[in-house]
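Only heavy atoms go into these numbers, but all of them, side chains included; no hydrogens, no water, no symmetry mates. Note on naming: letters A, B, ... go to the chains in the order of the sequence lines (proteins, then strands), and numbering restarts at 1 for each one.
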Number of protein chains: 2
Amino acid sequence: MAANAQPLRPLLAVDVALFTFMAAELRVLLLQRRHPPHAGAWALPGGLVDEGEGLEQAARRELAEETGLTVGPLTQVHTFGDPDRDPRGRVISVAYLACVPADQAEGAGPGAEATALAWHPVAALPELAFDHSRIIAAALARLRADIAQLPALARLLPAAFTLSELQQALAAIQGQEVDKRNFRRKILGLGLLESTGRYRYGDHRPAQLFRLHQA
Amino acid sequence: MAANAQPLRPLLAVDVALFTFMAAELRVLLLQRRHPPHAGAWALPGGLVDEGEGLEQAARRELAEETGLTVGPLTQVHTFGDPDRDPRGRVISVAYLACVPADQAEGAGPGAEATALAWHPVAALPELAFDHSRIIAAALARLRADIAQLPALARLLPAAFTLSELQQALAAIQGQEVDKRNFRRKILGLGLLESTGRYRYGDHRPAQLFRLHQA
DNA sequence: CCAAAAGTGTTTGCTCTACACCCATGG
DNA sequence: CCATGGGTGTAGAGCAAACACTTTTGG
């Protein structure tokens, strides 16, 4: 035992990288901070964990308070604890990842702590408060690994979607073209999608709407 | 803001699941606790993070204090923060994963906090203190995912090893047989191994010793 | 009838798997 | 010379990638 060192009683925070797929781009939700430190800078939604509160529970509460959104599964990504990551003192942050479909993403509005809320394309992020760039980088890496499984990808889209929308989302996230026929064959071969029997009518030939099998 | 809830100032701990490959089994290092809570129970090495200390730094310090070992890369696995995971109060634990070769593993000895130190086969673990079973389960899942890349696997073995040893380690970790010829072709095809030019002499035909390419 | 997105199969190469025998050494 | 683990090649199956045209609708 090194003996005379002080055990730490840090503040404990959760931050959430919340992604959506909107206007053909992968986007992340950011809030513009009302108060110092980093007043005016963009930051992830998040905040301190309360007494008696679980980590994931805290993440959901902060999301609700700061954005009005309720999300599905939250995935823990990484914990950031550099001694100097917050100028106010020692703050440990547990980072979470979640996805919302674009139709729900539209309903987000800033809580009291923020002067603005926006969905920023991940390809062009502004300067961020604290180490939130690193948090987003870690979350994005995890998201890219997870979208290999269809359900994670589908969580970025509304409950019913066309195969073309799914394909566009995948292409945008991986940053590379996807062959239509290979994509459709593989996706349908997984047996995780089912047709809703409905169609999306647009400018051209209507497209079949699918949903994830099971509920 | 929910307003009247108390921000938490928990204790912050790190715990390390340290694996090795010994006697044809994947094993994890456990310490028998000298003091309550859970005195006498087996637990992972770990302890509280000090003032001004980074998370990984704390993990290395605790490992050194409690086992005498110095390890290579530490991988952060997951953070456990259930309100009731420690009977003494709120303690957040950041779990790390590391590997040591069997020749170094032999040199481990218990520090002041433990009455014993042992390398337990992961296939047959005793009852563990706190939520350390869950921590090991998470670390093991991560290890299984990582050993697909050769370097993670090689970290369980001494600096120079035979292909058979590597194959046995892989088979033990995945819990299934591995075809010798396919294994050798794939591993050598990666171009990450190089022959040392030396041989291991034993009861039978000597085996070529390899090491990881580059340092 | 024109523009634009939806939808559909086949071929090719590669990667993964299954499988059996000879070799070198120590005792 | 025998027992034991070290070392080697090939054939078949399944998967992934490349590739172009027809269909349906709205304007």
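- Shown for residues 148-162 of chain A: no residue has heavy atoms falling under 4.0 angstrom of DNA chain C.
- Here CD1 of A:I147 is found 5.0 Å from CD of A:Q174. Values are rounded to the nearest 0.5 Å.
- Take A:R33 and apply the side-chain hydrogen bond (donor to acceptor under 3.5 Å, both in side chains) test, not counting sequence neighbours, and it matches no residue.
- Residues B:F21 and B:R27 are not in side-chain contact: their nearest non-hydrogen atoms beyond the backbone lie 4.5 Å or more apart.
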Mind listing the N/O atom pairs, protein and nucleotides 25-27 of chain D, below 3.5 Å?
from, atom 1, to, atom 2, distance (Å)
D:dG26, O4', A:D203, O, 2.5

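- When atom types are taken as modelled, the side chain of A:R34 and the backbone of A:A112 share a donor-acceptor pair closer than 3.5 angstrom.
- Taking every heavy atom of both residues into account, A:L30 and A:W42 meet most closely at O-CZ3, 3.5 Å.
- Put simply, CG on B:L143 and CG on B:L26 are 6.0 Å apart, with the number rounded to the nearest 0.5 Å.
- Per the geometry, CD belonging to B:Q208 stands 14 Å off C1' belonging to C:dC23, to the nearest Å.
- Here A:S164 does not reach the OP1 or OP2 of C:dA5: none of its side-chain N or O atoms lies under 4.0 Å away.
- For the pair A:E25 and A:P121, the tightest heavy-atom approach, listed with the atom from each and the gap, is OE1-CG, 3.5 Å.
- Residue A:R198 places its CZ atom among 12 or fewer non-hydrogen atoms of other residues, nucleotides or ligands, all under 6.0 Å distant.
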Can you list, pair by pair, the side-chain donor-acceptor contacts under 3.5 Å of residues 153-163 of chain B, counting residues two or more places apart and other chains?
from, atom 1, to, atom 2, distance (Å)
B:T162, OG1, B:E165, N, 3.1

Please table the atom pairs, donor to acceptor, closer than 3.5 Å between any side-chain atom in residues 77-85 of chain A and protein atoms at least two apart or in another chain.
from, atom 1, to, atom 2, distance (Å)
A:H78, NE2, B:Q76, OE1, 3.2
A:T79, OG1, B:T79, OG1, 2.4
A:D82, OD2, A:R134, NH1, 3.4
A:R85, NE, A:D131, OD1, 3.4
A:R85, NE, A:D131, OD2, 2.7
A:R85, NH1, A:V91, O, 3.0
A:R85, NH2, A:D131, OD1, 2.9

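- Near DNA chain C, meaning a heavy atom under 4.0 Å from it, residues 179-200 of chain A has A:K180, A:R181, A:R184, A:R185 in order of number.
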